[in-house]
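Written below as structure tokens is the structure these notes are about.
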Amino acid sequence: MSVSDDGEDIVSVEDLSVTYRSVYGPIKALGGINLKVKRGESVSIVGESGSGKSTLGLATVHLLPQNASYTGGRLMLDGKDVATMHGRELMAMRGNTAFMIFQDPLNTLNPVSRIDAQMLEAVRSRAKHDNTSFNQEEALKEAVQKLEDVRMPDPASIIRRYPHQLSGGQIQRVVIAMGLLMRPKLMIADEPTSALDVTVQAQVLKLLRELQREYNMSIIFITHDINVAYGISDRIVVMYAGEVVESGPSDKMTKNAQHPYAQALIKSVPTTTKKQGRLTAISGSPPNMLNPPSGCRFHPRCPYVMNVCTTTSPKETIKDGDAVRCWLYG
Ligand code: ATP
Ligand code: SF4
């Protein structure tokens, strides 16, 4: 959503649609998505399970599964159209412009290769891309330095281990350090802390926020937890049933959300940002994306539903600097 157009956009999404082929029929996981992420900005994507958060993350780095296609609009990453990238250009983009970390970081690492070998490989690949020389001793020093940057205790010893000899939190730090070796402009983190225990979760979130500032990186942080989003991001984007329903500055979104779904989402979780009454569950269930509701997709669950909501999909409206998709606002 183009709330403000100043500053350099690392991600610029206009009217994006992504559709999965399935045996039951097409699933339009994303429709009419508009989003901008500026250089050095941290943006959280929040929503219930199935709202399309991961699909948006994967689409941003062209990592969609084989049964998915870009079916409309445009997604520009660092000025290049992602949907048309292939081959070497795609590999270079994934390493050097953007990297993605997942909920289960172990899948990113090779289980039979030591951490030092995997980190050296990352530096070698960067040198190849930049057309610079590769010096093993210097590369190893840089790898240890990156482990220090991610606040890894005893990096010189950790780097000689295999992935199975590390804890979940240590593995996530190694994956982040490997990403940093590539000097990316954007990091996409898809629920990177949900497999970790609460204390380690807090440490990794703090680390990501610090690294984002130190490296002037942009972050797209995918989470179902609005509190986590508030803690880590400058801006929050709320998704429902494959659409962005509201976006705005984190502070404003958590204190004064406009869209009925965003308001319900905030009321359904305990928050540390303000005094809260009783927590209330969002009534009804998320829609079946094979056959989503007509008009506003949230209408079967919305306490403010009007006739127009059941037939006609609302367009985005910019209100007080926030972008909202709801008939209550025009
Ligand atoms: P979660 O928080 O549970 O990961 P999400 O918000 O990330 O959910 P997505 O995983 O992006 O949502 O899914 C969006 C929609 O696309 C859902 O309806 C989901 O069932 C569907 N979907 C996701 N992956 C596939 C796939 N490989 N094939 C078919 N449909 C898919
Ligand atoms: Fe509710 Fe209508 Fe707004 Fe949808 S458009 S959120 S149904 S008021």
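Only this structure's heavy atoms are used, side chains among them; waters, hydrogens and symmetry mates stay out. This structure is a prediction, so every number in the text was calculated from the model and none was measured. Both counts, for ligands and for their atoms, begin at 1 and track the order of listing. Along the sequence shown, residues are numbered consecutively beginning with 1.
Within the protein, the number of N/O/S atoms found under 2.8 Å from atom 3 (Fe) of ligand 2 is 1.
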Run the side-chain donor-acceptor check on residues 96-107: report pairs under 3.5 Å with partners two or more places apart or on a different chain.
{"residue": "N96", "atom": "ND2", "partner": "A92", "partner atom": "O", "Å": "3.1"}
{"residue": "N96", "atom": "ND2", "partner": "H129", "partner atom": "ND1", "Å": "3.3"}
{"residue": "D104", "atom": "OD1", "partner": "L106", "partner atom": "N", "Å": "3.3"}

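A salt bridge is absent between E246 and R325; no separation between the charged side-chain nitrogens and carboxylate oxygens falls under 4.0 Å. With respect to the salt-bridge test (charged N to carboxylate O, under 4.0 angstrom), the residues E142 and R124 do not qualify.
Within 6.0 Å of atom CG in N307, 12 or fewer heavy atoms from other residues, nucleotides or ligands are found, so the atom counts as exposed in its surroundings. Residue Y304 qualifies as open at atom OH: its count of foreign heavy atoms under 6.0 Å is 12 or below.
Residues L109 and Q118 have side chains in contact (heavy-atom distance under 4.5 Å, counting atoms from C-beta outward).
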Sub-3.5 Å pairs, protein N or O with ligand 1 N or O:
{"residue": "ligand 1", "atom": "2 (O)", "partner": "K53", "partner atom": "NZ", "Å": "2.9"}
{"residue": "ligand 1", "atom": "3 (O)", "partner": "S49", "partner atom": "OG", "Å": "2.5"}
{"residue": "ligand 1", "atom": "6 (O)", "partner": "G50", "partner atom": "N", "Å": "3.4"}
{"residue": "ligand 1", "atom": "6 (O)", "partner": "S51", "partner atom": "N", "Å": "3.1"}
{"residue": "ligand 1", "atom": "6 (O)", "partner": "S51", "partner atom": "OG", "Å": "3.3"}
{"residue": "ligand 1", "atom": "6 (O)", "partner": "G52", "partner atom": "N", "Å": "3.0"}
{"residue": "ligand 1", "atom": "6 (O)", "partner": "K53", "partner atom": "N", "Å": "3.1"}
{"residue": "ligand 1", "atom": "6 (O)", "partner": "K53", "partner atom": "NZ", "Å": "2.9"}
{"residue": "ligand 1", "atom": "7 (O)", "partner": "S54", "partner atom": "N", "Å": "2.8"}
{"residue": "ligand 1", "atom": "7 (O)", "partner": "S54", "partner atom": "OG", "Å": "2.9"}
{"residue": "ligand 1", "atom": "8 (O)", "partner": "G50", "partner atom": "N", "Å": "2.8"}
{"residue": "ligand 1", "atom": "11 (O)", "partner": "T55", "partner atom": "N", "Å": "2.9"}
{"residue": "ligand 1", "atom": "11 (O)", "partner": "T55", "partner atom": "OG1", "Å": "2.5"}
{"residue": "ligand 1", "atom": "12 (O)", "partner": "G52", "partner atom": "N", "Å": "3.2"}
{"residue": "ligand 1", "atom": "28 (N)", "partner": "N67", "partner atom": "ND2", "Å": "2.9"}

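By the rule that hydrophobic residues join a cluster once side-chain heavy atoms approach within less than 4.5 Å of another member, V37 and M76 end up as members of separate clusters.
Less than 6.0 angstrom separates the ring centroid of H62 from the ring centroid of Y70.
Judged as a side chain to side chain donor-acceptor pair (under 3.5 Å), and not counting sequence neighbours, the contacts of R151 are E210, E214.
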